[in-house]
Amino acid sequence: MRYNYLLMLLLALPFTQKVYGFAAVKPAGLQCEHLERPLGIDAASPRLSWMMTDERQAAKQTAYRVIVGKDSLAVAGKKGLVWDSGKQNSSLSLVTYKGKALEAFTRYYWLVEVWDKDGKPSSSISSFETGMMTMANWKGAWISDGTDVKTKPAPYFRKVFPAAKKIKSARAYIACGGLYELYLNGKKVGNHRMDPMYTRYDRRTLYVTYDVTSQLQNGKNAVGVLLGNGWYNHQSTAVWDFHKAPWRNRPTFCLDIRISYADGTVETVSTDRDWKTTLSPVIFNSIYTAEHYDARLEQFGWNIVNFDDTKWKNASLRTAPSGNVVAQVMHPVRNVESIPAISMNKINDTAYVFDLGRNISGVSQITVKGEAGTVIRLKHAERLYKNGRADMSNIDQHYRPTDDTDPFQVDIVTLSGRGEESFMPHFNYKGFQYVEVTSSKPVQLTKESLTGYFMHSDVPVAGRIKSSNPTLDKIWFAANNSYLSNLFGYPTDCPQREKNGWTGDAHIAVETGLYSFDGITIYEKWMGDHRDEQQPNGVLPSIIPTDGWGYDWGNGPDWTSTIALIPWNIYLYYGDDQILRNNFPNMKRYVDHITDISPSGLTTWGLGDWVPVSDKPPVEFTSSVYYYADAVILAKTAKLLGKTEDHQKYTALAAKIKAAFNARFLNTATGIYGDGRQTELCMPLYWGLVPDDMKTKVAGNLAEKVEAGNNHLDVGLLGTKAILNALSENGYADLAYKVAAQETYPSWGWWIVNGATTLYENWRIDAKNDISLNHIMFGEVGAWLYKGLGGIRTDEQQPGFKNVLLKPNFVSGLDHFEARHDGPYGAIISSWTRTGNKVVYEVTIPANSSATVYFPLTGSQKAYKDGTILTAKTQIAAGKYKFEIK
């Protein structure tokens, strides 16, 4: 099949080039469920999407046809199909499969044919493969090693099995309570880390699919599994009580290796009591603290065929963690980037401090030689004491150890003495820049002895910022670093002290993530976590997933509005309404609960403007703003989904909240909200609560307040989301830029000039509390750079950048700015350069898309294209454009 597919592509390519005479015009970027050629999907009606490569002006798709079948040649010949959409005169490039019921364990090929603006067709082909589809298709039993939750060493498992016939293909399907590493014939399967992703284990368990065809061999094969605790068996103690989780148990897994032979037969190798198990050299592992490893306990060849496992015991059967085992369909966590140490400070023969030069989430790998029994301790920290030693006082404040055997972020390795040894933890990650290595006996290390690995969900890059202000570029880089450092199958707050899925941090930073990275698969999974955690009355916890902590503290509209804000933003950025359909009932229950406890239209439920510079508004103010935002989103979603009664109900609710809010907080004579704090002025502007006839006055008051603070911000987490946008969207873009580019306290730039490579948790660098150096909660600035300066915005009427709203701001003090975002239709580029009194503005709009350009003209300025004067609002088709503003 693979040969036929490649041959077909080679045959098709010269034809398209000959027809058009330049770069091939054809569908590209084919995805199923927002992944390229995914394996093991369970979706009965998967989503299929593509974009169009056509660099001509006004390039567009006038029609499409999607056909799906089991054979690549049949699909190419448009015969023997399971679905044929027929030719549809439409520019849609995201469709849902509507053919025959998909079969489990089946590879499907799909071809999309598109017709360009001249009515000429071209096509491309891709594939997807189904997995279990239903629970009934699992053959394996859930097994463990029969020990209890207090057992510290991680268990090994192994089994030898024959593959007597010629192998055509093979897949491994593995589900797990905890974490696993899978091995075949001595080699690790895949390059994922921390699989499966964290869920509410007793309500939903994930399985992962691997193509293991190349790792099997004719004759005997050995499969090995190493299990880790993850969040499933939390053996460390901290304030969130994960060690008391209702699902807690000894790690367990279920595995099916499905082998398809060349003669058409199928054999499945599954977990059962015949598997052998023993304890491994991983003598302790905690996803929260660290990992301990005793190399003296290594059993060489434990995962190959010719290993003597007679001293191992049989595995124990047990129940599955949940009755809902579903496919993990998302970009996995990986060691994405290798970061060598930039320096090493030798304290003495038993103490060394390594500096990676930047703050990351992930692990370190050390290579060392020493005597057997030598204990190496690797302490990971974000900062150093004045004496050069690792300082963890800013990140260990919530840890509540019961003894000294599990130090925070300290890997402990006992050497075997068998020459040079390397160690990297299997089931843990940390937040750090520095690693202090101490040893029980002298060892010799060099700068090359330690390497850091930046770990996170390996989401594709989807954006870029470049400007004439180095500090601004570093702020964007730091925002991205913090965003990725807090993406591990769900968005977290920090990678060291908590690793919790704080809802408020996540919705503040969602646009920063979506502009720079293709994160839809992570958010769709996380919204499944929301549905698992929501109580019948609609209440959500403040951290998701959770063991039960957070239902009575930290939640409320200002935090758990993620149930509405995340789906709505995904819809705007991808044009895919599936996430709205999946979560609409949950959004309703949530908003209805707020209404039940807040009949006046105002609510006091929430945390408020967290970690402000000075003080913060009443919780009633900030939480009522988010209550309004939720009601608006719910009303819009109801209309989109054709739910007329709900649309009317929640439109009325939004109007009621708005009226109550303005009656309570707005002084119509002065245009001041509340006490006139920055947060009180920017939030109503950004979220649409200000009456139309008051916007100019309120925005002017906000500008005066900011200027009175010497162009510095004075907000907390919630105000951070609104302030730059409220200024730039209401005629004060220059002021917004001054705030964003500030380099003195309090500002993002203040962190940067003091050496930050990530965003911090507190505006004060010398704060005694709340001073993690890798937090994403102040991360909206990363999104604002795309919106407020580059002007790249979604169009609610044509979401997914089908029509791009371009509202750039050519701010004073900046000579050049370029923003690029790769959306569902391709690359959108908005770039401007100032030369004297003239600004050259260059734009790229991808094929099958369009844009509405709003030129920020002042005074006698006019916008020109090729000498022709344009209106301040101009509609353009796909293509490349150069405008002059003078």
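- Using a distance-only test at 3.5 Å, with no hydrogens or angles considered, no donor-acceptor pair links the side chain of Thr289 to the main chain of Asp406.
- Taking the side chain as every heavy atom from C-beta outward, Cys176 and Leu227 approach each other to under 4.5 Å.
- Two residues are said to be in side-chain contact when any heavy atoms from C-beta on lie closer than 4.5 Å; Thr277 and Arg158 fail this criterion.
- For Glu291 and Tyr293, the side-chain atoms include no donor-acceptor pair closer than 3.5 Å.
- Under 3.5 Å, the side chains of Glu421 and Ser416 contain a donor-acceptor pair of N or O atoms.
- To the nearest 0.5 angstrom, Asn394 atom CG is 7.0 Å from Ser772 atom OG.
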For Glu436 and Tyr352: C-alpha separation, side-chain torsions, deciding distance, then whether side chain to side chain contact (heavy atoms under 4.5 Å, CB included) applies. CA-CA 6 Å; Glu436 179 182 307; Tyr352 301 78; over 6 Å; no
Go through the steps to decide whether Thr492 and Asn486 satisfy the test side chain to side chain donor-acceptor pair (under 3.5 Å), and finish with yes or no. CA-CA 5 Å; Thr492 69; Asn486 286 288; 2.7 Å; yes
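- The shortest side-chain heavy-atom distance between Glu533 and Pro545 falls under the 4.5 Å cut-off.
- Here the straight-line distance linking atom NZ of Lys346 with atom CD of Gln444 works out to 4.5 Å at 0.5 Å rounding.
- The pair Asp145-Arg250 meets the salt-bridge criterion, with a side-chain N (NZ, NE, NH1 or NH2) lying under 4.0 Å from an Asp/Glu carboxylate O.
- Salt bridge absent: Lys150 and Asp148 never bring a charged side-chain N and a carboxylate O closer than 4.0 Å.
- Salt bridge absent: Glu420 and Lys369 never bring a charged side-chain N and a carboxylate O closer than 4.0 Å.
- Residues Pro196 and Tyr180 meet the side-chain proximity criterion, which asks for heavy atoms closer than 4.5 Å.
- The distance between the ring centers of Tyr173 and Tyr210 does not fall below 6.0 angstrom.
- For the pair Lys499 and Tyr429, the cation-pi criterion (under 6.0 Å, within 45° of the ring axis) is fulfilled.
- Of the inter-residue distances, the one linking Asp256 atom CG with Thr271 atom OG1 reads 6.5 Å to the nearest 0.5 angstrom.
- Ring geometry for Trp502 versus Trp549: interplanar angle over 60°, hence perpendicular rather than tilted (30 to 60°).
- Atom OH in Tyr760 sits 8.5 Å away from atom CH2 in Trp751 (nearest 0.5 Å).
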Ring pair (Phe, Tyr, Trp, His ring centres under 6.0 Å) between Tyr490 and Trp526: does it pass, once the steps are laid out? CA-CA 6 Å; Tyr490 65 110; Trp526 195 47; 7.7 Å; no
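- A ring-ring contact (aromatic ring centres under 6.0 Å, His included) with His380 holds for exactly one of Phe354, Phe408, Phe432; it is Phe432.
- Distance check, rounded to the nearest 0.5 Å: CG of Leu255 to OG of Ser270 gives 7.0 Å.
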Given Ile544 and Thr503, is the side chain to side chain contact (heavy atoms under 4.5 Å, CB included) satisfied, shown in steps? CA-CA 7 Å; Ile544 298 175; Thr503 47; 3.9 Å; yes
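- Note: Trp231 and Phe242 meet the aromatic proximity criterion, with ring centroids under 6.0 Å apart.
- In the displayed structure, Lys139 atom NZ is contacted under 6.0 Å by at most 12 heavy atoms of other residues, nucleotides or ligands.
- Distance alone, capped at 3.5 Å, is enough to place a donor-acceptor pair between the Thr252 side chain and the Ile143 backbone.
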Carefully, step by step, assess Thr268 and Ile259 under the rule side chain to side chain contact (heavy atoms under 4.5 Å, CB included). CA-CA 6 Å; Thr268 302; Ile259 307 170; over 6 Å; no
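- Checking Asn314 against Arg273 by side-chain atom types alone, no donor-acceptor pair falls below 3.5 Å.
- The shortest side-chain heavy-atom distance between His234 and Asn229 does not fall under the 4.5 Å cut-off.
- Taking each heavy atom of Asp272 and Leu317 in turn, the nearest pair found is C-CD2, 4.2 Å.
- No side-chain donor-acceptor contact under 3.5 Å links Thr758 and Asn481.
- In this structure a side-chain-to-backbone donor-acceptor pair under 3.5 Å is present from Asn428 to Ser286.
- Residues Asn185 and Asn221 bring a donor and an acceptor atom of their side chains to less than 3.5 Å of each other.
- A donor atom on one side chain and an acceptor atom on the other are found under 3.5 Å apart for Thr367 and Ser422.
- Between the side chain of Ser338 and the main chain of Tyr453, no donor-acceptor pair closer than 3.5 Å is present.
- Judged by distance alone, with hydrogens and angles left aside, the side-chain atoms of Arg400 form a donor-acceptor pair with the main-chain N or O of Gln397 at under 3.5 Å.
- Here the side chains of Asp391 and Leu384 are not in contact, with every heavy-atom distance at 4.5 Å or above.
- Between Asp532 and Arg204 there is a salt bridge, with a side-chain nitrogen of the basic residue lying less than 4.0 Å from a carboxylate oxygen of the acidic one.
- Residues Lys188 and His426 form no side-chain contact, since every pair of their non-hydrogen atoms from C-beta on lies 4.5 Å or further apart.
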When you look at Asp547 and Trp247, which way does the side chain to side chain contact (heavy atoms under 4.5 Å, CB included) test go after all the steps? CA-CA 8 Å; Asp547 64 322; Trp247 61 71; 4.0 Å; yes
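- Salt bridge status for Arg764 with Asp766: present, with a side-chain N to carboxylate O gap under 4.0 Å.
- Here the side chains of Gln299 and Leu297 are not in contact, with every heavy-atom distance at 4.5 Å or above.
- Using a 4.0 Å cut-off between charged nitrogen and carboxylate oxygen, Asp411 and Lys430 count as a salt-bridge pair.
- Electrostatic pairing of Asp308 and Lys311 does not count as a salt bridge here, judged by no charged N lying under 4.0 Å from a carboxylate O.
- In summary, the side chains of Asn774 and Glu382 do not present any donor paired with an acceptor at a separation below 3.5 Å, with no hydrogens or angles considered.
- In terms of the side chain to side chain contact (heavy atoms under 4.5 Å, CB included) criterion, residue partners of Lys187 (sequence neighbours excluded) are, by chain and number, Gln215.
- Looking only at atom types and distance, the side chain of Asp202 has no donor-acceptor partner in the side chain of Ser322 under 3.5 Å away.
- Among residues two or more places apart in sequence or in another chain, the side chain to side chain contact (heavy atoms under 4.5 Å, CB included) test is passed with Ile339 by Glu337, Leu356, Arg358, Ile360, Phe454.
- With rounding to the nearest 0.5 Å, the separation of CG in Leu450 from CE in Met424 is 12.0 Å.
- Side-chain polar atoms of Thr757 and Asn359 form no donor-acceptor pair below 3.5 angstrom.
- Listed for the Tyr232 side chain is no donor-acceptor partner under 3.5 Å among the backbone atoms of Pro321.
- Applying the 6.0 Å contact sphere to NZ of Lys220 captures no more than 12 heavy atoms from other residues, nucleotides or ligands.
- Between Phe157 and Trp275, a ring centre-to-centre spacing not shorter than 6.0 Å is recorded.
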Using the ring pair (Phe, Tyr, Trp, His ring centres under 6.0 Å) rule, take Phe307 and Trp302 through it: C-alpha gap first, then chi angles, then the decisive distance, then the call. CA-CA 6 Å; Phe307 175 79; Trp302 72 272; 8.2 Å; no
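- No more than 12 heavy-atom neighbours from other residues, nucleotides or ligands sit within 6.0 angstrom of NZ on Lys244.
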